Amino acid sequence: MSDAVVTLLVAVFGGGTVAAIVQGIVSHRKGVRDADVERDQTAFEQMKAILAEHKESIAELKSARGEDTKRLDDLAEENRLYRWTLIGVTDRLRQKPTGTVDDILEYIHERLPMLRKDK
């Protein structure tokens, strides 16, 4: 029986078998590494695509922000114009003698021509 065990051990752990086992382990690890590299490469490509989309979104938002800023500046200027016109109207109403309605309307139309209905 000991001869059979020795023969079995030599067959299992002989040069060819050990080499085959080592080769199998190395091949398996290489396959796992290759799969990891492929998975990582796919993830990297997806991240690049997402980054490109985000860059486009940022560019659109910057463009929209510029337009919004210009619109806000225009509204602020228009607001100042209306406020100063109202101050001028108030001053004219406080004057002695008070200006006529036509004088005050003329002043408003000079300052704010967009309110004139006849044009």
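The figures that follow rest on heavy atoms only: side chains count, while hydrogens, waters and symmetry mates do not. Remember, predicted model here, so these are calculated numbers, not experimental data.
Here K55 pairs with L51 under the side chain to side chain contact (heavy atoms under 4.5 Å, CB included) rule; sequence neighbours left out. In this view, E106 and R116 satisfy the salt bridge (charged side-chain N to carboxylate O under 4.0 Å, His left out) rule, not counting sequence neighbours. In this structure S63 satisfies the side chain to side chain contact (heavy atoms under 4.5 Å, CB included) test together with E67, sequence neighbours excluded. Applying the side chain to side chain contact (heavy atoms under 4.5 Å, CB included) rule to R92 yields the partners Q95, I104, Y107; only residues at least two apart in sequence or on another chain are considered. Residues meeting the side-chain hydrogen bond (donor to acceptor under 3.5 Å, both in side chains) test with D68, sequence neighbours left out: none. By the side chain to side chain contact (heavy atoms under 4.5 Å, CB included) test, L112 is found to be paired with L81, Y82, T85, I108, M114, L115, residues two or more places apart in sequence or in another chain being considered. For T69, there are no side-chain hydrogen bond (donor to acceptor under 3.5 Å, both in side chains) partners at least two apart in sequence or on another chain. Scanning for side-chain hydrogen bond (donor to acceptor under 3.5 Å, both in side chains) contacts around Q41 gives E45, with sequence neighbours left out.
Tested against L93 for a side chain to side chain contact (heavy atoms under 4.5 Å, CB included), the candidates D91, V89, T90 yield a single pass: V89.
Through direct or relayed side-chain contacts under 4.5 Å between Ile, Leu, Val, Met, Phe, Trp and Tyr, W84 connects to I87. Grouping Ile, Leu, Val, Met, Phe, Trp and Tyr residues whose side-chain heavy atoms lie under 4.5 Å apart, directly or via other members, places F44 in a hydrophobic cluster with M47.
Residue pairs meeting the salt bridge (Lys or Arg N to Asp or Glu O under 4.0 Å) criterion with at least one member in residues 74-88, sequence neighbours excluded: K70-D74, E77-R80.
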